[in-house]
Amino acid sequence: MNTDPQTAGPPVALVTGGLRGIGRAIVDRLHAQGFVGAVVDLADTEAGTTGGRLPDGFRYYTLDIARVEDHEAAVERIVADFGRIDTLVNNAGIAVRPPTDILDVAPADFDRSLSVNLRGTFFLTQAVARHMICRSSPHYRSIVSINSMASHIASFDRAQYAISKAAIGKMTQLYAARLAGDGIHVHEVKPGFIRTPMTAGAATRIDDIVREAVPQQRWGTPEDVAQAVVTLATGGLPYTTGESVWVAGGVTIPQVR
Ligand code: NAI
């Protein structure tokens with residue numbers, strides 16, 4: 001394995017759910033920082049994207065991260081195509097539609113949220129981490145998961161989403177502790193209200209919440225989140241692992257007005 005940064009090629013990223021929204025902004029910013037890599041998402045082809053053609057150096061692979069049995073083959077293909085993976089961004093996630101009172105949540109809906117947001121994320125991280133620790137790399141190595149403000153507050157009409165995201169916090173700490181000795185940094189980013197296709201249906205309600213409860217008085221953009229992710233993925237906080245970075249306009253500040 002070539003570990004000379006001059007000749008080993010650019011850093012390689014794998015971004016889940018990278019065809020639109022926050023994931024797509026992450027791909028674009030990684031590209032701007034010189035990364036190449038893989039985008040996995042649900043569409044049959046990259047033409048399913050709403051974010052336009054992927055930037056040069058990024059290749060699309062169809063993978064439903066809930067299908068854990070498909071992870072190993074997908075990761076092997078990506079490693080065969082790019083040589084290794086330096087950065088995993090666990091961005092793919094699903095919201096609760098329609099919002100449902102915690103007293104009415106059906107087991108199948110609970111399972112669906114956990115199977116994508118938690119189980120799929122946990123096992124894909126495991127599959128990628130196994131590859132990472134077997135290969136040396138000249139590049140900074142990291143795993144960054146997109147958590148949510150939902151893990152912090154109690155919206156009882158989105159219980160399964162909140163529970164799945166809360167567990168990502170513990171997953172982040174566990175992988176961070178396990179992989180620190182291998183030089184792999186593991187973090188989570190917690191976005192607040194970000195304007196994406198996921199939040200489009202609730203835009204009017206969120207406008208009101210943003211006015212009332214977000215000190216910076218605006219929605220976040222996918223680029224705001226991407227900037228935090230790429231700061232972490234490029235080693236901007238080198239003596240830090242297992243941490244949460246909020247990208248939420250100050251919404252965590254307790255306020256009495
Ligand atoms: P989005 O719905 O606009 O995009 C999500 C992408 O993930 C889509 O391309 C979708 O096809 C893909 N995806 C969904 N399930 C998948 C699966 N099983 N396998 C592979 N790909 C899958 O969502 P958005 O807003 O960009 O969210 C991205 C992440 O950020 C999610 O994890 C979400 O929970 C989180 N988040 C979003 C916030 C927001 O306000 N938009 C706030 C806090 C967290």
Side-chain angles (χ1 to χ4, degrees), residues 14-29 38-52 54 58 60-71 74-75 78 88-97 111-125 127 144-153 155 158 160-169 171-172 188-203 205-207 209-210 213-214 218-226 228-229 244-249 251-252:
L14 164 53
V15 181
T16 69
L19 285 189
R20 72 178 203 191
I22 292 171
R24 180 53 204 263
I26 293 168
V27 170
D28 288 342
R29 194 165 273 266
V39 168
V40 302
D41 208 308
L42 296 176
D44 287 339
T45 66
E46 188 195 328
T49 181
T50 52
L54 291 174
F58 278 82
Y60 179 64
Y61 303 79
T62 303
L63 176 70
D64 177 350
I65 65 160
R67 291 180 55 90
V68 168
E69 63 277 22
D70 294 344
H71 286 182
V75 171
I78 292 163
L88 167 65
V89 182
N90 288 314
N91 163 78
I94 52 169
V96 172
R97 295 286 182 269
D111 290 350
R112 179 73 192 141
S113 287
L114 269 78
S115 75
V116 176
N117 298 349
L118 177 58
R119 188 171 181 272
T121 301
F122 176 88
F123 283 106
L124 187 66
T125 303
V144 184
S145 300
I146 309 302
N147 196 324
S148 172
M149 179 176 59
S151 65
H152 188 70
I153 58 174
S155 295
R158 292 171 171 76
Q160 63 272 43
Y161 180 76
I163 290 166
S164 68
K165 291 292 189 180
I168 293 295
M171 184 196 89
T172 298
E188 59 178 356
V189 170
K190 289 184 174 167
F193 297 102
I194 312 297
R195 206 180 277 283
T196 71
M198 181 184 273
T199 47
R205 195 176 62 87
I206 296 175
D207 278 342
I209 301 172
V210 165
V214 177
R218 69 164 174 91
W219 287 69
T221 63
E223 292 71 28
D224 288 324
V225 182
V229 170
S244 296
V245 175
W246 283 89
V247 182
V251 79
T252 54

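Counting starts at 1 for both ligands and their atoms, in listed order. All residue numbers in this chain count up from 1 along the given sequence.
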Undergrad: Is there side-chain contact between I146 and P191, with at least one heavy-atom pair below 4.5 Å?
TA: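 Yes; the side chains approach each other to less than 4.5 Å.
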Undergrad: Using a 3.5 Å distance criterion without hydrogens, assess whether the side chain of R97 forms a donor-acceptor pair with backbone atoms of M198.
TA: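 Looks like yes, one N/O pair under 3.5 Å.
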Undergrad: Any idea which protein heavy atom is nearest atom 17 (C) of ligand 1, and the distance to it?
TA: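 For this ligand atom, the closest protein heavy atom is L42 CD2, 3.5 Å.
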Undergrad: Is the side chain of D28 donor-acceptor paired with the backbone N or O of A25 at a distance under 3.5 Å, no angle test?
TA: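 Checking the backbone N and O of A25 against the side chain of D28, no donor-acceptor pair under 3.5 Å is found.
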Undergrad: Between N91 and ligand 1, which residue portion shows a heavy-atom distance shorter than 4.0 Å: side chain, backbone, both, or neither?
TA: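 For N91, backbone and side-chain atoms both sit under 4.0 Å from ligand 1.
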Undergrad: Could you walk me through whether S244 and E188 satisfy the side-chain hydrogen bond (donor to acceptor under 3.5 Å, both in side chains) test, starting with their C-alpha distance in whole Å, then the side-chain angles of each, then the deciding distance to 0.1 Å, before giving a yes or no?
TA: CA-CA 5 Å; S244 296; E188 59 178 356; 2.4 Å; yes
Undergrad: Determine, using heavy atoms of N90 and all atoms of ligand 1, whether some pair is separated by less than 4.0 Å.
TA: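 False for this residue.
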Undergrad: Could you identify the single nearest non-hydrogen protein atom to atom 7 (O) of ligand 1 and state the distance to 0.1 Å?
TA: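 Looking only at protein heavy atoms, the one closest to atom 7 (O) of ligand 1 is G17 CA, 3.3 Å.
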Undergrad: Does K165 have a non-hydrogen atom less than 4.0 Å from ligand 1?
TA: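 The answer is yes, since K165 has a heavy atom less than 4.0 Å from ligand 1.
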Undergrad: Show the atoms of ligand 1 that are less than 4.0 angstrom away from any heavy atom in G93.
TA: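 It comes down to these atoms of ligand 1: 14 (C), 31 (C), 32 (O).
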Undergrad: Specify side chain, backbone, both or neither for N117, according to which of its non-hydrogen atoms lie closer than 4.0 Å to ligand 1.
TA: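 Contact part for N117 vs ligand 1: neither.
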Undergrad: Between S164 (side chain only) and L118 (backbone N and O only), is there a donor and an acceptor less than 3.5 Å apart?
TA: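 Not at all, since once roles are kept as given, no pair shorter than 3.5 Å links the two residues.
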Undergrad: Is there a donor-acceptor contact under 3.5 Å from the side chain of N90 to the main chain of T16?
TA: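 Absent.
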Undergrad: Got the closest protein heavy atom to atom 2 (O) of ligand 1, with its distance?
TA: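 For atom 2 (O) of ligand 1, the nearest protein heavy atom comes out as R20 NH2, 2.7 Å.
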Undergrad: What atoms of ligand 1 come within less than 4.0 Å of a heavy atom belonging to S148?
TA: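 Heavy-atom distances to S148 below 4.0 Å select 43 (C), 44 (C).
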Undergrad: Can you report which non-hydrogen protein atom sits closest to atom 44 (C) of ligand 1, along with the distance?
TA: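 That would be N147 O, 3.2 Å.
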Undergrad: Give the single entry among A200, S115, A248, A92 that approaches atom 22 (C) of ligand 1 most closely by any heavy atom.
TA: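 Nearest heavy atom to atom 22 (C) of ligand 1 lies in A92.
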Undergrad: P197 heavy atoms, cut-off 4.0 Å: which ligand 1 atoms fall inside?
TA: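 That gives atoms 3 (O) of ligand 1.
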Undergrad: Can you sort out the partners of S148 under side-chain contact (heavy atoms from CB on, under 4.5 Å), two or more places apart, ordered by chain and number?
TA: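 Scan of S148 (side-chain contact (heavy atoms from CB on, under 4.5 Å), adjacent residues dropped) gives A150, Y161, K165.
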Undergrad: Look at atom 37 (C) of ligand 1 and say which protein heavy atom is nearest, naming residue and atom and giving the distance to 0.1 Å.
TA: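 Here the nearest protein heavy atom works out to I22 CD1, 3.7 Å.
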Undergrad: Counting heavy atoms only, which part of T196 comes closer than 4.0 Å to ligand 1: side chain, backbone, both or neither?
TA: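 Contact part for T196 vs ligand 1: side chain (C-beta onward).
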Undergrad: Short list, please: which atoms of ligand 1 are under 4.0 Å from a heavy atom of G21?
TA: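 What qualifies from ligand 1 is 26 (O).
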Undergrad: What protein heavy atom lies closest to atom 11 (O) of ligand 1? Include the residue and the distance to one decimal.
TA: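 For atom 11 (O) of ligand 1, the nearest protein heavy atom is D41 OD1, 2.5 Å.
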Undergrad: Heavy-atom distance under 4.5 Å between the side chains of R29 and V229, does that happen here?
TA: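 The answer is no; the side chains never approach within 4.5 Å.
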Undergrad: Which heavy atom of the protein is the closest neighbour of atom 33 (C) of ligand 1, given with residue, atom name and distance?
TA: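 Heavy-atom neighbour on the protein nearest atom 33 (C) of ligand 1: Y161 OH, 3.5 Å.
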Undergrad: Tell me which one of L19, T62, I94, D70 gets a heavy atom nearest to atom 15 (N) of ligand 1.
TA: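 Selected option, by shortest heavy-atom distance: I94.
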Undergrad: Kindly indicate whether the side chain of F193, heavy atoms from C-beta on, has any atom under 4.5 Å from the side chain of T199.
TA: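 They are not in contact (no side-chain heavy atoms under 4.5 Å apart), so the answer is no.
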Undergrad: If you draw a 6.0 Å radius around CZ in R67, do more than 12 non-hydrogen atoms from other residues or ligands fall strictly inside?
TA: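 Counting neighbours around CZ of R67, 12 or fewer heavy atoms of other residues, nucleotides or ligands fall under 6.0 Å, so no.
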Undergrad: Give a yes/no on ligand 1: does I146 have at least one heavy atom closer than 4.0 angstrom to it?
TA: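 For ligand 1, residue contact (heavy atoms, under 4.0 Å) with I146 is present.
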Undergrad: Short question: side chain of R119, backbone of V68 - any donor-acceptor pair under 3.5 Å?
TA: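 Pair absent, no side-chain N/O of R119 close to backbone of V68.
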Undergrad: Is there side-chain contact between T221 and D224, with at least one heavy-atom pair below 4.5 Å?
TA: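 Result yes, sub-4.5 Å side-chain heavy-atom pair found.
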Undergrad: Determine whether a donor-acceptor pair (N or O, by modelled atom type, separation under 3.5 Å) exists between the side chain of Y60 and the backbone of D41.
TA: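 Checked: pair present.
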Undergrad: How close does the nearest protein non-hydrogen atom get to atom 42 (C) of ligand 1, and which residue and atom is it?
TA: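 Protein heavy atom with the smallest distance to atom 42 (C) of ligand 1: G192 O, 3.0 Å.
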Undergrad: Below 3.5 angstrom, do we get any N/O pair linking I65 and ligand 1?
TA: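 It does: an N or O of I65 is found under 3.5 Å from an N or O of ligand 1.
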Undergrad: Show me which atoms of ligand 1 lie under 4.0 Å from any heavy atom of T199.
TA: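 Close to T199: 39 (C), 40 (O), 41 (N).
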Undergrad: For ligand 1, is any non-hydrogen atom under 4.0 Å from L63's backbone (N, CA, C, O), its side chain (CB onward), both, or neither?
TA: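 It is the backbone that gets close, since no side chain atom is under 4.0 Å.
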Undergrad: Hey, are the side chains of P222 and R24 touching, using non-hydrogen atoms and a 4.5 Å cut-off?
TA: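 Not touching, per the 4.5 Å side-chain cut-off.
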Undergrad: Within ligand 1, which atoms have a heavy atom of D64 less than 4.0 Å away?
TA: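 Close to D64: 17 (C), 18 (N), 19 (N).
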